[in-house]
Amino acid sequence: MSSFQTSPGTRDILPPHAGRWRAMVQVFADGVESAGYQNIIPPMFEDLGVFQRLGDATDVVTKEMYDFTDKGGRHIALRPEHTASVCRAFAQHRPTPPWKVWYSGPNFRYERPQAGRYRQFDQVGIEVLGVDDSQLDVEVIALGWDFYKAIGLRNVSLIVNSLGDAGDRGRYIEALGAYFKTHGATLSEQALATLERNPLRVLDSKRPQDAAAIAGAPTIGAFLSTDAAAHFAAVCAGLDSLGIPYEVNERLVRGLDYYQRTTFEFVSGSLDSAQNAVGGGGRYDGLVEDLGGPATPGIGFALGVDRTLLACDAEECFTFGFPVLDVFVIDTTGGSHALSITHQLRHNGFSADRAFEARSMKSQMKSADRSGAQVAVIIGETEAEESTCTVRNLSTSEQTTIPLTELQNHLTTVLGPRQPRRHTP
RNA sequence: GUGGGCGUAGCUCAGUUGGUUAGAGCGCUAGGUUGUGGUCCUAGAGGCCGGGGGUUCGAAUCCCCUCGUUCACCCCA
């Protein structure tokens with residue numbers, strides 16, 4: 001047992017898992033960049049105030065913020081999500097709308113760790129600022145949907161809802177509060193406490209005790225303004241036209257208070273745990289203004305990388321092979337030949353590795369086997385004296401001895417051509 | 001923040017009503033094979049039995065505290 005280990009809710013992503021992780025982010029990046037989104041890398045911490053705009057009735061703000069005072073006396077918080085930072089960046093730099101960006105990186109929330117829930121967790125996501133068109137809502141949802149398809153997940157369902165405009169939302173919350181106050185007798189203590197802070201959130205309760213009261217609660221649909229209802233209908237029609245299956249759930253409220261109009265969530269049916277939402281998002285038309293920018297509509301989503309990988313484990317998809325190495329160089333004469341040959345091979349575009357510490361032939365062969373290399377290049381006493389090398393195919397065990405000067409050509413024949421490595425893009 | 005489960009080798013786990021020097025499999029290293037991997041055989045390395053305190057002649061084992069971990073509530077990705 002070592003003296004130090006990772007802090008609660010954090011972990012090391014070790015190889016080979018980290019390679020799979022990076023591959024998943026790459027699939028996401030390829031998908032959204034082909035739709036015109038460009039990468040943004042906001043800082044991992046900001047002034048606490050940036051995140052307080054997420055709503056003071058959200059737990060993310062009131063009890064999960066990873067905040068501290070820095071040496072300059074600033075009240076700083078590690079970001080709990082990316083959306084607020086992206087909106088702050090928009091308000092600060094005023095890029096020309098529409099601004100379509102994507103991101104990937106860690107977020108921090110001080111919570112008790114649980115299945116699929118960490119204090120440092122990674123998300124990938126997109127945000128679009130400056131466009132009010134319902135067709136954009138469809139595009140955004142479709143890009144999330146396509147990502148899950150691209151990595152091979154089959155058991156993901158899409159849930160959509162509309163929370164209406166700010167006014168609709170306010171009237172609905174009022175009606176909801178009034179309803180729960182008259183039906184409060186059956187509600188749990190926790191739900192009653194939630195009711196005080198934000199009646200919407202009561203709909204999220206998973207306690208069986210609350211189910212009856214929630215089932216009878218008024219739904220948002222009747223409170224939508226004509227505009228909001230038309231917007232939502234257009235979004236649903238757009239999804240239909242693209243053949244993306246979805247389910248309208250008027251109980252879907254989501255946790256951040258800034259959402260208006262379209263909201264959606266991707267739920268994995270393959271995750272047994274309580275945390276089965278692998279992604280979610282929606283419109284947040286007032287957020288940029290709250291952060292001191294011009295009134296700007298916005299929409300986006302964030303997908304949990306950790307949870308998505310858990311879902312992939314459950315569905316046995318997006319597995320990965322060992323990284324394949326072209327050549328493993330074995331040198332039983334002390335290692336200097338391995339040093340120069342691997343150097344040369346790498347410069348010519350072959351991937352190559354070797355063993356160190358002058359191990360035995362047998363030991364080096366084992367390392368070659370474990371490395372996944374396709375061929376072993378062997379330099380023993382005989383080869384060293386004759387300036388030759390033995391090339392062994394590690395899957396067929398066939399081997400031939402050739403002059404060292406022929407090595408590049410031989411490998412090109414056996415493995416195919418490689419591009420010499422360049423140092424500039 | 002609240003509640004339940006679990007902490008023994010790098011990993012997965014045995015360890016009887018408390019009883020001598022704490023085990024297995026996998027992995028790792030070396031040898032069997034004086035230049036050749038994936039199978040097989042042999043050997044070796046590797047443990048403050050999470051930490052602290054207590055009960056006892058004696059604790060991995062029983063009790064208390066603590067830390068970690070895990071699941072759930074809460075909430076969320």
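None of the values given here were measured: they were computed from a predicted structure.
Under the Watson-Crick or G-U wobble criterion, with both distances below 3.5 Å, B/rA24 is paired with B/rU12. If you check B/rU33 for Watson-Crick or wobble pairing at under 3.5 angstrom, you find it has no partner at all. Pairing for B/rC73 is with B/rG1, a Watson-Crick or G-U wobble pair whose two hydrogen-bonding atom distances lie under 3.5 Å. The pairing partner recorded for B/rG46 is none, the criterion being a Watson-Crick or G-U wobble arrangement whose two distances lie under 3.5 angstrom. The nucleotide B/rC62 finds its pairing partner in B/rG54, both defining distances of the Watson-Crick or G-U wobble pair being shorter than 3.5 Å. Nucleotide B/rG68 forms a pair with B/rC6, judged by Watson-Crick or G-U wobble geometry with both contacts under 3.5 Å.
A/E383 comes within contact range of at least one nucleobase, with a heavy-atom separation under 4.0 Å. Counting non-hydrogen atoms under 4.0 angstrom, A/I330 reaches nothing in the nucleic acid. Counting non-hydrogen atoms under 4.0 angstrom, A/E64 reaches the backbone sugars and phosphates but no base.
A donor-acceptor pair is defined here as one N or O able to donate and one able to accept, closer than 3.5 Å; no such pair exists between the side chain of A/D30 and the backbone of A/V27. Counting only distance, with no hydrogens or angles, the side chain of A/Y258 and the backbone of A/T83 share no donor-acceptor pair below 3.5 Å. No donor-acceptor pair closer than 3.5 Å links the side chain of A/E381 to the backbone N or O of A/A384.
Remark: the separation of the P atoms in B/rG27 and B/rC6 is 30 Å, to the nearest Å. Across the C1' atoms, B/rU12 and B/rG53 are found 32 Å apart, a figure rounded to whole Å. Comparing B/rC67 with B/rU20, their C1' atoms sit 32 Å apart, to the nearest whole Å. On the P atoms, B/rA77 is 29 Å away from B/rG4, given to the nearest whole Å. Straight-line distance between the P atoms of B/rU39 and B/rG35: roughly 23 Å, to the nearest whole Å.
Proximity note for A/R109 (side chain, C-beta onward) versus B/rG37, B/rC76, B/rG68: the nearest is B/rC76. For A/P8, whose side chain is taken as the heavy atoms from C-beta onward, the closest listed nucleotide among B/rC74, B/rA77, B/rG68 is B/rG68. Listed nucleotides: B/rA72, B/rC75, B/rG37. Nearest to the side chain of A/E111: B/rC75. Of the candidates B/rA77, B/rA72, B/rC75, B/rA72 carries the atom nearest the A/A115 side chain, counting heavy atoms from C-beta on. Side-chain proximity of A/Q123 to B/rC75, B/rG37, B/rA77: nearest is B/rA77. Minimum atom distance to the side chain of A/R359 is reached by B/rU29, of the listed B/rG37, B/rU29, B/rG1.
Counting to the nearest Å, the C1' atom of B/rA77 and the CG atom of A/L309 are 12 Å from each other. Distance NZ (A/K362) to C1' (B/rC28): 14 Å, rounded to an integer number of Å. In this structure, A/Q5 atom CD and B/rU70 atom C1' are separated by 13 Å, rounded to whole Å. In this structure, CE of A/M365 is placed 13 Å from P of B/rU39, rounded to the nearest angstrom. Here the P atom of nucleotide B/rC11 and the CG atom of A/D12 are 13 Å apart, to the nearest Å. As rounded to whole Å, 11 Å separates atom C1' of B/rU36 from atom CG of A/D369.
Both tests pass for A/K149 against the ring of A/W145: distance under 6.0 Å to the centre and angle within 45° of the axis. Cation-pi geometry between A/R119 and A/Y110 is met: the NZ or CZ atom falls under 6.0 Å from the ring centre, inside 45° of the normal. A cation-pi arrangement is present between A/R11 and A/Y118, with the terminal nitrogen or guanidinium carbon under 6.0 Å from the aromatic centre and inside a 45° cone about the axis.
Projected onto RNA chain B by closest heavy-atom contact, A/Y110 and A/E265 fall at different nucleotides, the more 5' of which corresponds to A/Y110. Annotation: of the two residues near RNA chain B, A/S205 and A/T6, the 5′-most nearest-nucleotide partner is A/T6.
Between A/S397 and the phosphate of B/rG38, there is no side-chain N or O to OP1/OP2 separation shorter than 4.0 Å. Residue A/R370 places at least one side-chain N or O closer than 4.0 Å to OP1 or OP2 of B/rC28. Between A/T194 and B/rC75, a side-chain N or O to OP1/OP2 separation shorter than 4.0 Å is present. Using a 4.0 Å cut-off, some side-chain N or O of A/Q114 falls inside it from OP1 or OP2 of B/rA72. Contact annotation: A/R201 side-chain N/O to B/rC76 OP1/OP2 distance is under 4.0 Å. Under 4.0 angstrom from either OP1 or OP2 of B/rG37 there lies no side-chain N or O belonging to A/S367.
A/I378 pairs with exactly one of A/V329, A/T390, A/T332, A/D331 by the side-chain contact (heavy atoms from CB on, under 4.5 Å) rule, that one being A/T390.
Side-chain N/O atoms of A/R112 and base N/O atoms of B/rG1 include no donor-acceptor pair closer than 3.5 Å. In this model, no side-chain donor or acceptor of A/Q364 finds a partner on the base of B/rG35 within 3.5 Å. The base of B/rG35 sits with one of its N or O atoms less than 3.5 Å from a complementary donor or acceptor on the side chain of A/T382.
Listed by first and then second residue, the salt bridge (Lys or Arg N to Asp or Glu O under 4.0 Å) pairs that reach into residues 36-48 of chain A are A/E46-A/R88, sequence neighbours excluded.
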